[in-house]
Amino acid sequence: QVRLEESGGRLVQAGGSLRLSCAASGRTFKNYAMGWFRQAPGKEREFVAAISYYGGFIHYADSVKGRFTISRDNAKMAVYLQMNGLQPEDTAVYYCARGRTGSTDQDTEAYADWGQGTQVTVSS
């Protein structure tokens with residue numbers, strides 16, 4: 001099992017930027033894909049971005065493509081989400097997740113370990 005801890009969420013104005021971080025500990029981090037998901041009040045958890053185990057494949061939800069960038073540092077056992085051009089509809093709790101394999105996937109079932117989440121609130 002990999003333990004994950006997100007940080008970096010806060011209140012930001014529309015058009016602003018945030019960088020979320022996810023620190024991992026436990027099993028071999030570098031062997032697994034990592035993903036970011038988010039959940040807004042009253043909505044289901046949705047895929048945001050994912051990166052393969054070595055960073056060669058990256059996928060984004062259409063809603064964040066061109067604004068968000070996922071990256072990872074295997075030496076530091078960390079994954080990041082740079083969020084630019086934030087909009088009120090980006091308001092949600094953001095979760096970091098460890099994939100069951102090294103390949104990216106948009107399905108929550110493809111992820112085995114989850115962090116507790118970090119709140120991102122975008123004011124208009």
Side-chain angles (χ1 to χ4, degrees):
Q1 185 175 4
V2 173
R3 188 171 67 183
L4 303 170
E5 184 173 359
E6 303 93 337
S7 61
R10 61 175 177 87
L11 173 65
V12 64
Q13 289 188 335
S17 298
L18 282 177
R19 188 189 193 215
L20 304 184
S21 299
C22 174
S25 61
R27 293 180 65 180
T28 307
F29 172 82
K30 65 180 182 180
N31 292 342
Y32 301 99
M34 296 296 296
W36 284 98
F37 291 76
R38 66 187 182 186
Q39 188 166 17
K43 295 187 177 182
E44 292 187 353
R45 191 168 298 189
E46 66 173 3
F47 170 77
V48 175
I51 186 168
S52 64
Y53 71 104
Y54 68 100
F57 289 96
I58 290 175
H59 293 101
Y60 297 100
D62 288 342
S63 59
V64 306
K65 202 171 293 183
R67 299 188 298 126
F68 291 12
T69 302
I70 188 172
S71 61
R72 66 188 295 161
D73 186 331
N74 285 344
K76 295 182 178 179
M77 294 182 68
V79 62
Y80 308 99
L81 186 68
Q82 177 67 43
M83 305 187 295
N84 299 327
L86 284 162
Q87 298 301 317
E89 53 266 34
D90 294 316
T91 295
V93 177
Y94 283 71
Y95 297 91
C96 170
R98 193 266 299 177
R100 299 183 188 275
T101 72
S103 300
T104 59
D105 201 298
Q106 299 185 29
D107 190 343
T108 56
E109 293 299 319
Y111 294 83
D113 300 309
W114 295 81
Q116 294 300 305
T118 186
Q119 176 70 49
V120 172
T121 304
V122 184
S123 63
S124 57

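This is a predicted model, so every value here is computed, not measured. Any value given below was found using the heavy atoms of this structure, including those in side chains, with hydrogens, waters and symmetry copies removed.
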Answer yes or no: is there a side-chain heavy-atom contact under 4.5 Å between Leu20 and Met83?
yes

Distance check, rounded to the nearest 0.5 Å: Tyr80 atom OH versus Thr69 atom OG1?
14.5 Å

For the ring pair Trp114 and Phe37, is the centre-to-centre distance below 6.0 Å?
yes

Check Ser123 against Pro88 and note the closest heavy-atom contact, atom names and distance.
C-CG, 4.5 Å

Got Phe29 and Met34 here, is their nearest side-chain heavy-atom distance under 4.5 Å?
yes

Are the side chain of Arg100 and the backbone of Glu109 linked by a donor-acceptor contact shorter than 3.5 Å?
yes

So which heavy atom on Ala40 is nearest to which on Ala92, and how close?
N-CB, 3.8 Å

Going hydrophobic residue to hydrophobic residue with side-chain gaps under 4.5 angstrom, can you get from Phe47 over to Tyr53?
no

Tell me, do Leu81 and Phe68 make a side-chain contact under 4.5 Å, heavy atoms counted?
yes

To the closest 0.5 Å, what do you measure between NE2 (His59) and CG (Asp62)?
11.5 Å

Grouping I, L, V, M, F, W and Y whenever their side-chain heavy atoms are under 4.5 Å apart, do Trp36 and Tyr95 come out in a common cluster?
no

If we only count heavy atoms from C-beta on, is the Ser21 to Ser7 side-chain gap below 4.5 Å?
yes

Less than 4.5 Å apart, any side-chain heavy atom of Glu46 and any of Arg38?
yes

Step through the shown structure and confirm whether more than 12 heavy atoms of other residues, nucleotides or ligands are within 6.0 Å of CD on Glu5.
no

Quick one: pull up CD1 in Ile70 and CD in Gln82 and give me the separation to the nearest 0.5 Å.
12.5 Å

Do Leu86 and Gln13 have side-chain heavy atoms sitting under 4.5 Å apart?
no

Are side-chain heavy atoms of Gln39 and Tyr94 found at a separation under 4.5 Å?
no

Rounded distance (nearest 0.5 Å) linking atom CG of Asp113 with atom CZ of Arg98:
4.5 Å

How far apart are the closest heavy atoms of Ser17 and Asn84, and which atoms are they?
OG-OD1, 2.9 Å

May I ask you to decide if the ring planes of Phe57 and Tyr54 are parallel, tilted or perpendicular, using 30° and 60° as cut-offs?
perpendicular

Is it the case that atom OH in Tyr111 sees more than 12 heavy atoms from other parts of the structure closer than 6.0 Å?
yes

Please lay out, stage by stage, how Val120 and Leu18 fare under the test side-chain contact (heavy atoms from CB on, under 4.5 Å).
CA-CA 9 Å; Val120 172; Leu18 282 177; 3.8 Å; yes

CA sep, side-chain torsions, deciding dist, call: Val48, Tyr60, side-chain contact (heavy atoms from CB on, under 4.5 Å):
CA-CA 6 Å; Val48 175; Tyr60 297 100; 5.9 Å; no

Between Thr121 and Gln119, a side-chain donor and acceptor under 3.5 Å
yes

Determine whether a donor-acceptor pair (N or O, by modelled atom type, separation under 3.5 Å) exists between the side chain of Asn74 and the backbone of Met77.
no

Derivation of the salt bridge (charged side-chain N to carboxylate O under 4.0 Å, His left out) call for Asp90 and Arg67:
CA-CA 11 Å; Asp90 294 316; Arg67 299 188 298 126; 2.8 Å; yes

Are any non-hydrogen side-chain atoms of Cys96 and Val79 less than 4.5 angstrom apart?
yes

Please report the closest heavy-atom contact between Ala33 and Ser103, naming both atoms and the distance.
CB-O, 3.2 Å

Apply side-chain contact (heavy atoms from CB on, under 4.5 Å) to the pair Ser52 and Ile58, showing each step before the final yes or no.
CA-CA 6 Å; Ser52 64; Ile58 290 175; over 6 Å; no

Val93 versus Gly117, closest heavy-atom pair with distance
CG1-CA, 3.7 Å

